[in-house]
Number of protein chains: 2
Amino acid sequence: MTDDAVETRRTAPATLHDVAREAGVSLATASRSLNGSTRKVNEEYRQRVLAAAAKLDYSPNLSAQAVARGTTTTVALLVADIADPYFSQMAAGVVREADRERLIVTMAATERDTERELDLVRTLRGQRPRVMILAASRREDDPNNDALEAELRAFESNGGRVAFVSSAAGAFRAVQLDNRAGAEALARELIDLGYRRFAAVTGAEGIRTADERLAGFRAGLEAGGGTLERIVRPDFTRDGGYEGMTQLIEEGLDGIELVFAANDVMAVGAMSAIRDAGLTPGTDVAVAGFDDIPTVRDVTPPLTTVRIPLEEVGRRALRLALDEDGAVDDAPVHTEVVLRDSTPRRG
Amino acid sequence: MTDDAVETRRTAPATLHDVAREAGVSLATASRSLNGSTRKVNEEYRQRVLAAAAKLDYSPNLSAQAVARGTTTTVALLVADIADPYFSQMAAGVVREADRERLIVTMAATERDTERELDLVRTLRGQRPRVMILAASRREDDPNNDALEAELRAFESNGGRVAFVSSAAGAFRAVQLDNRAGAEALARELIDLGYRRFAAVTGAEGIRTADERLAGFRAGLEAGGGTLERIVRPDFTRDGGYEGMTQLIEEGLDGIELVFAANDVMAVGAMSAIRDAGLTPGTDVAVAGFDDIPTVRDVTPPLTTVRIPLEEVGRRALRLALDEDGAVDDAPVHTEVVLRDSTPRRG
DNA sequence: CCGTAATGAGATAGCGCTTTCCCGTATGGT
DNA sequence: ACCATACGGGAAAGCGCTATCTCATTACGG
């Protein structure tokens, strides 16, 4: 492949210096004209600078600005898995809000590995982002938790801002997802629909989100006289849901009326497992999930779940982090049970 | 909310200078110890520096490094919509590959607005990213296309690298998605299955991806004696698919056996529309899509589609961009027809 | 033993910006 | 007419780094 492509000589990008020279003004004046400064600049000069910048196709070097100003326009976002709709919806919210604030988002994926998460936080800290948003799911008792906290503390004491998306983030700001209450409300509604005998497909013990949802669900059942007869703990993913459900079926469903999956992607996987086992979800065994990702409207039957306004969560996480002093709404995010056909009224 | 939180005084992050002082060596030696340099450093000094860095919790300022080195470790990624699984899968691939190369990804969403896209490219250029990956869908004849191309040319002539994900990207590098061939192959297979009368739900004319897929599908049909009887062009989204299908049904399906949606999210929306109209997808009217996003395995019936290895596409886009000189595989990405139950054999 | 070549630490000149600080000039109050 | 005061442009001092250049020290061949 010979390089007979376009003969574009590699030229360095125009610097502010070039612009100033072209406009016949000083560096200072050029700088002041191109970014609002407190100082006024003669309109004629300003126009000259603007014209020169346009002519040279000048684009300010953000790194240089960051160094000079001592502050960046970056927000760093950490999620477990970008392709997971739970996280990608949230990320979309963060990006949208960041855009409004003219901030740039850098994104990284922990792949659910807390070691990696810690590394990423360290690396990302090098960017000196204004904000760091951690949406990757926390684990109880992880050996890296302390190190992570220390790292974030250091980041904060350097003027950075941290926001978690979670239910409890130690002493950091957090968008509270009321997993417990949501799951509890769901359980009550299911009891109302006539269900009594349940199983749960959830994540490994220690994943806080999973634990809380399970605890809430259990509490709701107990209050209403239902029983949680079985629990399986596969991966916290679609395939995990499929496997968990398959296991449940193989071991015999005997009498279980409804399976609660700790999140929607698992629920969707579980529904496929049910169907692949020759049963019909909703009819032979009901299914409920958590999150209300877009997909669940389109599976059959549509999935009963607990709605979290994920995009809004992303937006709020950023606002919360940016907020100067507690002026921002930090009530738990409103969750809502959405009953659909995967949990028909019984009897 | 009073601030009786932790009494963390806001301190500036440790600089390399601090580390050098702490270690009792020069700035140069500290720099050389902390990042490989061509020069060797006395092991004892090196250890001292490392210890000092650890003690001060030093994290190199990436902006400063970028300014000093004249090069960054950033890759900028532009997608249409982060929450759309088509893009989020791709993004996951880019991020993963970037991680391998120890690069940081900044992400922005065009929201399918070419004006915004242009703006974003300009802003992102300020970052001086090593690579810019454009995955947002291109439109034919968009008034902004020339400006975008000029902007990207400028970026390239400054040493930046550009990669598109698309079928034709002018003179830029691109991961080729063979939309046409994929759709054509799909059409042939559907003909083989006994289908003859088709409708298409696709995006607005001018969206290149949509156009190509439609053209390919049409070609495949013609070769096999099928007819494309109707075309609707709603939004290129899930809801668009739903609306388009609803419209088709309201106008009367009369004889249409299969609906081809130009992408999977639309197909999934279409299936819901079919069901909401009281019909059964696959049975009353078959449906096929394009992309093979994860969801389509879990809808009922599972969707026939054309598989694109989206994550791989993301990874390849980055490698392609990074690649120094055409050493990288730039054959079109392998697409593959995946027949599932949404298109049962006829007759 | 001396001269020369490696060796490697430190001083320093940038990188592309922002932001003080310094001044010359215009303004206005008395 | 005179001095205090804005006003606003330009010079220059950084910001936190890297990389070049200097220069003392060590090693070694003849």
Side-chain angles (χ1 to χ4, degrees), chain A residues 11-49 52-53 56-74 123 125-129 158-160, chain B residues 11-50 52-53 56-74 123 125-130 158-160:
Chain A
T11 16
T15 71
L16 188 58
H17 189 87
D18 300 331
V19 173
R21 184 155 26 77
E22 172 78 22
V25 302
S26 75
L27 201 53
T29 301
S31 171
R32 294 199 266 251
S33 312
L34 289 174
N35 339 310
S37 123
T38 29
R39 293 272 302 261
K40 218 175 287 175
V41 117
N42 182 307
E43 184 57 20
E44 192 205 319
Y45 282 14
R46 223 178 61 84
Q47 290 304 336
R48 286 227 303 269
V49 172
L56 300 181
D57 198 13
Y58 171 72
S59 154
N61 183 322
L62 294 185
S63 297
Q65 289 191 325
V67 169
R69 293 191 172 139
T71 161
T72 64
T73 57
T74 307
T123 308
R125 191 149 78 84
Q127 289 210 51
R128 305 285 184 273
N158 293 341
Chain B
T11 18
T15 70
L16 188 58
H17 189 86
D18 300 332
V19 174
R21 184 154 29 74
E22 172 78 23
V25 301
S26 74
L27 238 199
T29 301
S31 171
R32 294 197 268 252
S33 312
L34 288 175
N35 338 311
S37 128
T38 27
R39 292 269 304 262
K40 220 176 286 177
V41 153
N42 182 307
E43 183 57 21
E44 191 204 318
Y45 282 14
R46 223 178 61 84
Q47 290 304 335
R48 287 228 303 270
V49 172
L50 262 40
L56 300 181
D57 198 13
Y58 172 73
S59 154
N61 183 323
L62 295 185
S63 297
Q65 288 191 324
V67 170
R69 292 190 171 139
T71 161
T72 64
T73 58
T74 306
T123 308
R125 191 149 78 86
Q127 290 210 49
R128 305 286 184 272
R130 277 249 263 278
N158 294 341

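Computed from a predicted model, the values in this text were never measured in an experiment. Note on naming: letters A, B, ... go to the chains in the order of the sequence lines (proteins, then strands), and numbering restarts at 1 for each one.
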Are the side chains of B/Arg32 and B/Val25 in contact, using a 4.5 Å heavy-atom criterion?
no

With sequence neighbours left out, what residues match B/Gln65 under side chain to side chain donor-acceptor pair (under 3.5 Å)?
none

Side-chain donor or acceptor of A/Ser33 paired with backbone N/O of A/Thr29 under 3.5 Å:
yes

Validation row: A/Asn61, B/Arg128 side chains within 4.5 angstrom (heavy atoms)
yes

Quickly work out the A/Lys40 NZ to C/dT27 P distance and round it to whole Å.
13 Å

State whether the side chain of B/Asn158 and the backbone N or O of B/Gly160 hold a donor-acceptor pair below 3.5 Å, judged by distance alone.
no

To the nearest Å, give me how far apart CD (A/Glu44) and C1' (D/dG8) are.
14 Å

Rounded to whole Å, the CZ-P distance (B/Arg46 to C/dG8) equals 13 Å

Scoring nucleotides 12-25 of chain C by protein non-hydrogen atoms under 4.0 Å (B base, S sugar-phosphate only, - none) yields --BBBBBBBB----

Could you state the CZ-P distance from B/Arg21 to C/dA9, rounded to the nearest angstrom?
20 Å

When rounded to whole Å, the CD to P distance for the pair A/Gln127 and D/dG16 reads 17 Å

Short question: side chain of B/Arg130, backbone of B/Thr73 - any donor-acceptor pair under 3.5 Å?
no

